[in-house]
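Proteins get letters first, then strands, A, B, ... in listed order; numbering begins at 1 in each.
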Number of protein chains: 2
Amino acid sequence: MPKTFNFIEKLREVGLRPTKQRVNMCEVLFNREKTFHFTINDLVKMISEKMNQKISLATVYNTVHALEKKGYLKEISIDSHKSYFDTNTSVHHHFFDEDTNELIDCDENDIEPVNIKKNITGKKINSVEVLIKVASDNQNQKKFK
Amino acid sequence: MPKTFNFIEKLREVGLRPTKQRVNMCEVLFNREKTFHFTINDLVKMISEKMNQKISLATVYNTVHALEKKGYLKEISIDSHKSYFDTNTSVHHHFFDEDTNELIDCDENDIEPVNIKKNITGKKINSVEVLIKVASDNQNQKKFK
DNA sequence: TCAACAGTTTAGAATTGTTATAATGTAGTT
DNA sequence: AACTACATTATAACAATTCTAAACTGTTGA
């Protein structure tokens with residue numbers, strides 16, 4: 001049975017027509033063992049390669065946002081120039097490797113739960129996320145680039 | 001004694017010429033009780049008002065980046081469309097109020113230290129920062145905008 | 001003091017990332 | 001097959017940021 005079947009159903013479930021572009025996008029995004037972190041540009045390239053054919057930037061933006069709104073993707077922001085999406089949509093934490101610009105999910109056991117002792121009055125907490133920036137020990141020249 | 005004196009010295013210390021624009025910028029940034037969170041556009045407006053005269057966007061970008069490189073400002077990223085700078089350059093945590101788009105420093109006592117049990121092999125941790133997104137309790141319609 | 005130089009400011013152009021538009025194409029329904 | 005609503009596309013528009021080159025200014029040292 002072709003694996004694309006799953007994604008056709010999945011897309012229908014969330015009210016998106018399973019077009020060739022979207023099925024290919026889903027395969028790139030979700031047909032993998034580990035969670036996947038990507039930028040829009042990464043994704044455009046990967047889908048175009050997979051399809052052996054150009055996919056429009058606009059299509060990728062539209063569909064990524066549609067999947068995000070439906071809860072299948074989540075945006076992660078590292079700094080103003082690096083916006084990533086994550087196929088792991090649960091609230092979870094990240095390492096960011098400053099040498100390689102790579103984002104890595106924290107395993108649930110890597111960090112103890114964050115204990116917030118005092119919240120802003122009248123507000124409820126929607127999410128708590130930790131970002132751990134790492135680099136190799138001899139990488140201090142980054143600061144003087 | 002004019003308070004600007006401090007900033008002239010401060011600028012000299014970090015190797016920046018104390019021009020009129022920079023001294024005014026420093027007064028807007030650092031002449032306050034509490035730490036200050038701002039966007040570049042906020043800052044351009046505030047400096048122009050203070051000086052009663054236009055300041056060039058490029059100047060503000062240049063000097064903000066210079067101060068950042070020297071360790072007097074720090075960039076905080078909330079999501080791809082909201083980049084803030086912070087006059088509090090220590091490693092510290094934030095609340096982000098999704099109702100007002102306001103960034104608020106956590107008091108050191110508001111959060112217990114984050115306990116990282118496992119790091120990436122061969123890397124050292126440069127920073128650990130927590131972002132707590134909050135909203136008023138009846139604000140769930142945001143999700144369906 | 002003032003000339004010379006290096007650093008700075010400026011407006012506007014260029015670039016980058018993202019969103020909007022409108023014409024063409026396609027999936028799903030009948 | 002034909003109709004309709006939704007999708008895709010290239011391109012335009014837009015916003016944020018960086019670059020550029022000319023004019024300007026703080027600093028140094030004769």
Qualifying residues under ring-ring contact (aromatic ring centres under 6.0 Å, His included), relative to [X], sequence neighbours excluded:
X: F96(A); result: none
X: F85(A); result: F38(A)
X: H92(A); result: H94(A)

Residues in side chain to side chain contact (heavy atoms under 4.5 Å, CB included) contact with [X], at least two apart in sequence or another chain:
X: T59(A); result: Q21(A), I55(A), S56(A), T63(A)
X: N24(A); result: K20(A), E27(A), I47(A), K50(A), M51(A)
X: T35(B); result: H37(B), D86(B), T87(B), N88(B), D105(B)
X: K54(B); result: none

Worksheet item: Do I76(B) and L131(B) touch side chain to side chain, with heavy atoms closer than 4.5 Å?
Response: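 Not in contact.
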
Worksheet entry | Residues forming a salt bridge (Lys or Arg N to Asp or Glu O under 4.0 Å) with K118(A), sequence neighbours excluded | D110(B)

Worksheet item: Between R22(A) and dA27(C), is there a side-chain N or O to OP1/OP2 distance below 4.0 Å?
Response: no

Worksheet item: Should T19(A) be listed as having a side-chain N or O under 4.0 Å from OP1 or OP2 of dA27(C)?
Response: no

Discussion item. Regarding K20(B), tell me which of base, sugar-phosphate or nothing describes its non-hydrogen contacts under 4.0 Å with the strands shown.
Written reply: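 It contacts nothing in the nucleic acid.
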
Discussion item. Over the length of the helix from dT1(C)-dA30(D) to dT30(C)-dA1(D), how much do the five-pair end axes diverge, rounded to 10 degrees?
Written reply: 20°

Worksheet item: According to the salt bridge (Lys or Arg N to Asp or Glu O under 4.0 Å) rule, which pairs have a member within residues 126-136 of chain B, sequence neighbours left out?
Response: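 Sorted result for residues 126-136 of chain B: K74(B)-E129(B).
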
Worksheet entry | Base-contact (B) and sugar-phosphate-only (S) positions in nucleotides 16-25 of chain C, heavy-atom cut-off under 4.0 Å, - elsewhere | -SBBB-----

Discussion item. At a heavy-atom distance below 4.0 Å, which nucleotide of DNA chain D is the first touched by chain A, and which is the last?
Written reply: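 Listing 5' to 3', DNA chain D meets chain A from dA5(D) to dT18(D).
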
